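A short write-up of the structure that comes next.
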Amino acid sequence: MESAASKSAQLNRNGAEELPAGSLEEKLALAEKEGRQLRVKLGLDPTAPDIHLGHTVVLTKLREFQDLGHRVVLIVGDYTARVGDPSGRSETRPVLSDEEIIANANSYEAQAGQILDRDPDRYELRFNSEWLEMPTAELLALLRTTTVAQLLEREDFANRYKGGTPISLLELLYPLMQGYDSVAIQADVEIGGTDQTFNILLGRDIQRHYGLPEQAVLTMPILTGIDGVEKMSKTKGNEIAIEASADEMFGRTMRLPDEAMENWFALLAIPAPADGIGPRDAKVALAKAIVERFHGSGAADAAEAQFVSQFVDHETPEQLESFAFSAPDGAVHLPAALADAFGISRSEARRLVEQGGVKVDGAVLDAKQLDVDPGLLSDAVVQIGRRRFKRFELEP
RNA sequence: GGCGGGAUGUCCGAGUGGUUAAAGGAGACGGGCUGUAAACCCGUUGGCUCUGCCUACGCAGGUUCGAAUCCUGCUCCCGCCA
């Protein structure tokens with residue numbers, strides 16, 4: 001059997017930080033000695049049901065714990081979501097209804113199930129309303145554990161406090177509630193992104209106040225989005241959803257700047273290709289590995305072939321959606337037809353034509369001619385830019 | 001409770017009476033180039049029946065030949081003092 005030390009090293013290999021250093025090994029050794037599983041916690045925000053590669057970094061790490069025989073405890077933050085987080089001043093987050101929270105949690109669970117082992121012996125799903133719906137006296141006991149000074153140590157709070165940006169009392173309470181989750185489920189280990197470091201560490205303090213052993217903390221680096229700079233997030237549109245099609249996953253991965261590849265290989269736990277391989281080929285390997293993980297190896301090969309055909313050889317895809325148009329007046333007004341076919345505005349369609357961005361059966365359309373003969377478009381492949389295609393068919 | 005600041009296009013952010021569909025940036029899109037949907041360069045970026053017309057600078061009114069810009073009221077947000 002592997003030693004606790006080597007398991008810990010393995011788990012740490014692509015992590016950001018283990019806090020305190022060595023704590024993970026201690027927990028692993030303890031579990032072994034007592035012959036029990038570790039309870040490994042991950043908190044979920046039930047507002048975002050679409051999970052993307054960024055979320056999988058942490059999930060993949062959880063899976064590694066499961067594969068070592070430990071038990072993952074996912075906590076759906078239904079109570080905290082119900083309170084509604086007024087973070088920042090711009091947009092107030094909508095307060096979710098119970099139904100939405102449950103739907104989101106189910107959806108998340110289904111998606112996370114692609115990565116986690118849902119064997120009930122190694123997997124547990126809990127809602128934090130179960131324990132956070134507490135009498136005021138208990139809430140006060142929780143509040144007694146932490147001081148304002150402690151909370152203001154957190155960088156973003158500190159900056160906002162200094163800069164005069166509002167900090168809602170609720171926001172200050174969040175870390176406490178998250179920490180209490182660890183108390184409630186008796187977490188041995190908590191995993192999270194580096195942006196969660198403060199909150200997870202506060203969980204240790206809170207556990208101590210409740211007379212419990214403090215959890216080990218393992219933070220994972222943040223996966224950059226396909227822009228290679230910012231954190232992957234749906235709001236920024238730089239995500240790869242795990243429910244995306246194979247072609248889209250492949251293509252979006254190929255859009256990743258070269259410099260960001262290393263980050264992706266490490267965090268997604270994909271073996272990096274040998275030295276000396278060109279960046280393009282490395283990126284192809286990355287894209288294939290990602291597609292393979294979610295769609296299987298056949299789909300990965302197909303996605304590569306499709307990508308090469310469309311973007312390297314500039315061939316027209318074989319499978320095209322068709323669009324039926326009609327020409328009652330004997331002529332077709334291009335901006336209108338393109339707008340209907342591709343879901344863009346007529347002005348935008350007009351600009352595309354004028355910029356030489358529209359092709360019919362491979363030939364660039366004349367920039368000046370906005371009304372065309374129906375015969376030109378009938379049963380023709382109309383292409384906008386490099387990646388939008390439709391087969392036009394004349395309606396009788 | 002008192003005082004002050006703010007609300008602009010997808011986002012950030014200039015703009016204090018006219019040449020402003022509104023600087024600049026980001027993002028997005030198109031073109032070129034290429035090893036990719038990388039990078040880099042150029043262009044476009046409210047809508048439309050498009051040499052013009054319509055709609056737009058928190059909301060509702062008003063002043064003016066003319067307002068994002070001035071006035072009044074309202075809504076929301078923020079800071080400071082208490």
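A quick note: this is a predicted structure, and the numbers were derived from the prediction, not measured.
Among the protein residues, A:Gly251 comes within range of the nucleic acid bases, having at least one heavy atom under 4.0 Å from a base atom. As judged by a 4.0 angstrom heavy-atom cut-off over every strand, A:Pro279 is placed among the base-contacting residues. Nucleic acid contact for A:Val358: none, since no nucleic acid atom lies under 4.0 Å from a heavy atom of the residue. When heavy atoms are screened at a 4.0 angstrom cut-off, A:Arg351 is found touching the sugar-phosphate backbone but no base atom.
Residue A:Glu348 contributes atom CD, which lies 10 Å from atom C1' of B:G30 at whole-angstrom precision. Between the P atom of B:U34 and the CD atom of A:Gln310 lies a distance of 19 Å, rounded to the nearest Å. Atom-to-atom, CD1 of A:Ile240 to P of B:A37 comes out at 15 Å; the value is rounded to the nearest Å. The interatomic distance linking A:Ile226 (CD1) with B:A39 (C1') rounds to 15 Å, in whole Å. Atom P of nucleotide B:G35 and atom CE of A:Met261 are separated by 15 Å, given to the nearest angstrom. Between A:Ile277 atom CD1 and B:U36 atom C1' there is a gap of 14 Å when expressed in whole angstrom units. A:Ile344 places its CD1 atom 14 Å from the C1' atom of B:G47, with the value rounded to the nearest Å. What separates CZ of A:Phe250 from C1' of B:U36 is a distance of 9 Å, to the nearest Å.
The partner of B:U44 is B:A28, judged by Watson-Crick or G-U wobble contacts that both fall below 3.5 Å. B:A22: no Watson-Crick or G-U partner with both key distances under 3.5 Å is found in any strand. The partner of B:C57, taking Watson-Crick or G-U wobble pairs whose two distances both stay under 3.5 Å, does not exist in any strand shown. Checking B:G66 for Watson-Crick or G-U wobble geometry (two distances, each under 3.5 Å) identifies no partner in any strand. With a cut-off of 3.5 Å on both pairing distances, the Watson-Crick or G-U wobble partner of B:C76 is B:G6.
Looking only at atom types and distance, the side chain of A:Gln207 has no donor-acceptor partner in the side chain of A:Glu214 under 3.5 Å away. For the residue pair A:Glu315 / A:Ser309, a side-chain donor-acceptor distance below 3.5 Å is found, with atom types taken as modelled. A donor-acceptor contact closer than 3.5 angstrom links the side chains of A:Asn199 and A:Gln178.
Only the C1' atoms considered, B:A56 is 15 Å distant from B:U69, to the nearest whole Å. Spacing of C1' atoms, B:G9 relative to B:G27, comes out at 13 Å, to the nearest Å. B:G4 and B:G13: their C1' atoms are spaced 22 Å apart (whole Å). With P as the reference atom, B:C71 and B:U64 are 15 Å apart, rounded to whole Å. Between the P atoms of B:A22 and B:C57, the separation comes to 15 Å (whole Å). With P as the reference atom, B:U75 and B:A67 are 26 Å apart, rounded to whole Å. Remark: the separation of the C1' atoms in B:C59 and B:C48 is 27 Å, to the nearest Å. Rounded to whole Å, the C1' atom of B:G6 lies 15 Å from the corresponding atom of B:A14.
The pair A:Asp227-A:Arg255 fails the salt-bridge criterion, with no side-chain N (NZ, NE, NH1 or NH2) lying under 4.0 Å from an Asp/Glu carboxylate O. Salt-bridge annotation for A:Arg71 and A:Glu124: present, with a side-chain N of the basic residue lying under 4.0 Å from a carboxylate O of the acidic one. Salt-bridge formation is not detected for the pair A:Glu354/A:Arg351: no Lys NZ or Arg NE/NH1/NH2 atom is positioned less than 4.0 Å from an Asp or Glu carboxylate oxygen.
In the set B:G47, B:G35, B:A37, the nucleotide with an atom closest to the side chain of A:Phe311 is B:A37. The A:Arg386 side chain lies nearest to B:A37 when the options are B:C29, B:A37, B:G35. Side-chain proximity of A:Gln355 to B:U44, B:C48, B:U49: nearest is B:U44. The side chain of A:His314 lies closest to B:U34, out of B:U34, B:C29, B:U36. Candidate nucleotides B:U49, B:U36, B:G30 were compared by shortest atom distance to the side chain of A:Met254, and B:U36 ranks first.
In terms of position on RNA chain B, the residue among A:Pro257 and A:Lys359 whose nearest nucleotide sits closer to the 5' end is A:Lys359. Both A:Pro335 and A:Arg255 lie near RNA chain B, and the one whose nearest nucleotide falls closer to the 5' end is A:Arg255.
Residue A:Ser345 places at least one side-chain N or O closer than 4.0 Å to OP1 or OP2 of B:C48. Remark: A:Arg280 is not in phosphate contact with B:U34, judged by side-chain N or O atoms under 4.0 Å from OP1 or OP2. Distances shorter than 4.0 Å separate none of the side-chain N or O atoms of A:Arg388 from OP1 or OP2 on B:C29.
If you look at A:Tyr180 and A:Tyr210, their ring centroids are closer than 6.0 Å.
A donor and an acceptor atom never sit less than 3.5 Å apart when one is taken from the side chain of A:Asn238 and the other from the base of B:G27.
The hydrophobic clustering, which links ILVMFWY residues whose side-chain heavy atoms are closer than 4.5 Å, places A:Ile200 and A:Leu42 apart.
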